[in-house]
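Residue numbers start from 1 in every chain, and the chains themselves are labelled A, B, ... in the order their sequence lines are given, proteins ahead of strands.
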Amino acid sequence: MLKQECSINKYFVQGDEAIAEGAIAAGCRYFAGYPITPASEISETIARRFPEVGGVAIQLEDELASIHSVGGASVAGMKAMTVSSGPGISLKLEGLGWGIKNELPYVVVDVQRAGPSNGVATRVGQGDLYTVKYGSAGGNNSIIAISPMNVQEAFDLTIDCFNLSEIFRTPVFLLTDETVGHTRELLVIPDARELKIVPRRKPTVPPSEFLMYPLNTPGTIDYPYPNIGEGYGICVSPYTHTAKGYATTSEKDHDKMATHLVRKVTDHLDRLTRVQEEMLDDAEYGIIAYGCEARPAMEAMKKARAEGIKVGFLRPIIIWPFPDEPIYRMACKVKKILVPELNRDGQLSREVQRAAKGRAEVYHLGSGGVETHQPVHVYDELMRIIKGK
Amino acid sequence: MKNQGGDLEKTIHPLAAKYLRQERMPHMACPGCGIGQVVHSTLIACDELALTPENTVWVQGVGCSSRITYTLWKGDNIDAHHGRIFAVATGLKLSRPDLNYICFTGDGDCMSIGGNHFLHACRRNLDVTAIMFNNGIYGMTGGQVAPTTPMGAMTTTTPYGNIEDPMDSVQVAMAAGASYVARWRSTDFRQVVSSIKKGIQTKGFSFIEVLTQCPTQFGRYVLKTGDPIKILQWYKDHTVTLKKAEKMTPEELKDKMLIGEFAHRTDRTGVVERYWDMIKKIQSERA
């Protein structure tokens, strides 16, 4: 176990360790990884902890092997996870398409660092927002990504990642960053009975009546996933498949599969919209940030509020699918929205601009990463845009 | 010939009826291809070892090796991305060590794009049976040069002749630590059956390379013939058994591929067995 602090169930740990404990609590029993900063602490914690709980934790030859073996473990009935960062995530994307297409429930953790390429390996960045969504070639995807802002959320949201991966039968990203991963603060691990854990759903009909992929009812979720060795003769492949899993080249079949993969997310936005909203009721200006950038953003909001400036805050927690609706609502209320983020290309701000549909002016506060923004940076930029300079 | 209803039951081979999905027949192999012969040998091995669709999984990669065998098996069929067959098999076997895994891969899938995974599957001695169809070329994509293509060969991507030496997968497998290593031609029917059986029974990584004739691509581009008999003759002229090779000079062995059983180790356990032993030990210590 982790070393306990203060009292029972309380721990003083890094975000990375909290992710490892969250995975264990969620029932993850297969882990494969490859060393990479700043995600290695997750692998190290899991390597120590999994044998204690009867799970498989293995370091493989590369990032490709680890994500593909996680796919294999998922097919074999395990809740499974892999972790990486930066250039490792680029490699993982090759395996992600196999997971999306075969509707494999598993979790990928991206502890973002400053890029491109190796960048500054040990320091923070937020450059992978689009990478996790659009990185898998071929499109037609159903990626879900969740982003924690602190150590407690690193634990809680890792469990949510596993639950959503089972419900939606798709790989789910925990999109975190070096700052959250390496921040050491209090973690409360609730009693196992208080946690909501979604188990692998099993078919209730005999193999002859079961279809592996619900392509005749596109958008179906909460659908069973039989595993190997259970007599269902399951078929998993890289090819476009029929409902039984047989390879097909027909345009009609392909469109059925693509439609299902996309609609199983877009038809269920009610279950996939989760944001934190602060002081938006009377807000005239807004800040939107995610992950580690949420904390300086909220501090800036508080400082402005203390001075009587009506500023509100919104944070996407489930960041893919993007929370278009709450952001549009916010944009209808406020005049200007500031988006601090740790990249210079303006990834989050571009999405916010799209969701705002012109109802508010959207401003990007970028940095290449390495350091998070200080509250004063966000505050100063907010004052600048409010004054229109 | 069109098979209709009950006639199919009468015309189909009993092993195909026992193990293969009849709705997926006929399979995709080109006329004269050697892969069907090896699938036949595999079914005989499965039958003689009394394997069932319930306790045995077929795993594939990408290429002729895999596209032809995918969804044929009545049990579970897990087809990986190109080259990732042993990565996927690692997850499968570690998670469900009680099942048998027969992995169909090709020379490009295994030795080129999947080379790293192959090396480490051998090193970890992953307890699966790998059958590598070596047709010496990229067949599915139209006859491009492979890491197993002979020096000097004309292919669609070496129009002036291949300037690279081919890789010897058997030597690689042995050096990396596989428990069982053999190479045969598709026509060495009895030997292939025997090796697949030994492979399934041997703990650890079993690697059986089968030289399979490819009239459509290797024949057409490298040997300038689409005649399977002539291609088989070429394999006969360019292979020599391990036993015969002992008495031959290096000069005589030039351009010859060795066939036979290269390794059959029983002294080495594999990662799957060791991992679950470790878990038992740790848990009993903590209990």
- [ ] Under the side chain to side chain contact (heavy atoms under 4.5 Å, CB included) rule, what do B/I279 and A/F50 come out as? Steps first, then yes or no, please.
- [x] CA-CA 9 Å; B/I279 289 208; A/F50 265 34; over 6 Å; no
- [ ] Given side chain to side chain contact (heavy atoms under 4.5 Å, CB included), test B/R124 with A/L60 step by step and report yes or no.
- [x] CA-CA 10 Å; B/R124 291 192 186 96; A/L60 294 179; 3.3 Å; yes
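Taking chain B as the reference chain and counting heavy-atom pairs below 4.5 Å, the highest number among A/G233, A/A76, A/G245 is found for A/G233. Interface check for chain B: of the options A/V236, A/N227, A/I67, A/N102, the most heavy-atom pairs under 4.5 Å are formed by A/V236. Counting heavy-atom pairs under 4.5 Å between each of B/R24, B/E285, B/M278 and chain A puts B/R24 at the top. No other option in B/G91, B/A89, B/S66 has as many heavy-atom pairs under 4.5 Å with chain A as B/G91.
A/A65 approaches B/A87 most closely through the heavy-atom pair CA-CB, 3.6 Å. Minimum heavy-atom separation, A/M78 to B/S95: CG-OG, 3.4 Å. Residues A/P51 and B/Y275 approach most closely at CG-OH, 4.0 Å, considering heavy atoms. Of all heavy-atom pairs spanning A/P238 and B/V62, the tightest one is CG-CG2, 4.1 Å. Minimum heavy-atom separation, B/Q283 to A/G54: NE2-N, 3.1 Å.
Between B/R84 and A/E94, at least one side-chain nitrogen of the basic residue sits less than 4.0 Å from a carboxylate oxygen of the acidic one, meeting the salt-bridge criterion. A salt bridge links A/K244 with B/E23: at least one charged nitrogen is closer than 4.0 Å to a carboxylate oxygen.
Remark: B/M174 CE is packed, more than 12 non-hydrogen atoms of other residues, nucleotides or ligands lying under 6.0 Å away. Other residues, nucleotides and ligands contribute at most 12 non-hydrogen atoms within 6.0 Å of the NZ atom of B/K280. Heavy atoms of other residues, nucleotides or ligands lying less than 6.0 angstrom from NZ of B/K281 number 12 at most.
Scanning residues 39-55 of chain B against chain A with a 4.5 Å non-hydrogen threshold yields B/E54, sorted by number. Applying a 4.5 Å heavy-atom cutoff, the residues of residues 104-122 of chain B that approach chain A are B/N116, B/H117, B/H120. Contacts between residues 70-83 of chain B and chain A, counted as heavy-atom pairs separated by less than 4.5 Å, involve B/Y70, B/T71, B/K74, B/G75, B/D76, B/N77, B/I78, B/D79, B/A80, B/H81.
Interface remark: B/I282 contributes side-chain atoms only to the contact with chain A (heavy atom separation under 4.5 Å). Both the backbone and the side chain of A/A57 come within contact range of chain B, judged by heavy atoms closer than 4.5 Å. Contacts between B/V271 and chain A at a heavy-atom distance below 4.5 Å involve the side chain alone, from C-beta outward. Looking at A/V70, there are no atoms closer than 4.5 Å to chain B (heavy atoms on both sides), in backbone or side chain. Residue A/I58 touches chain B through its side chain alone, counting heavy-atom pairs closer than 4.5 Å. Contact of B/R21 with chain A is made through the side chain alone, with heavy-atom distances under 4.5 Å. Using a 4.5 Å cut-off between heavy atoms, B/L99 touches chain A through its side chain atoms alone. Contacts between A/Y239 and chain B at a heavy-atom distance below 4.5 Å involve the side chain alone, from C-beta outward.
Atom OH in B/Y101 sits 3.5 Å away from atom CD1 in A/I228 (nearest 0.5 Å). Between the OG1 atom of B/T90 and the CD atom of A/E61 there is a distance of 6.5 Å, given to the nearest 0.5 Å.
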For a quick test of your reading: what N or O donor-acceptor pairs under 3.5 Å do the side chains of residues 27-37 of chain A make, sequence neighbours left out?
from	atom 1	to	atom 2	distance (Å)
A/R29	NE	A/V53	O	3.4
A/R29	NH1	A/I24	O	3.2
A/Y30	OH	A/S69	OG	2.9

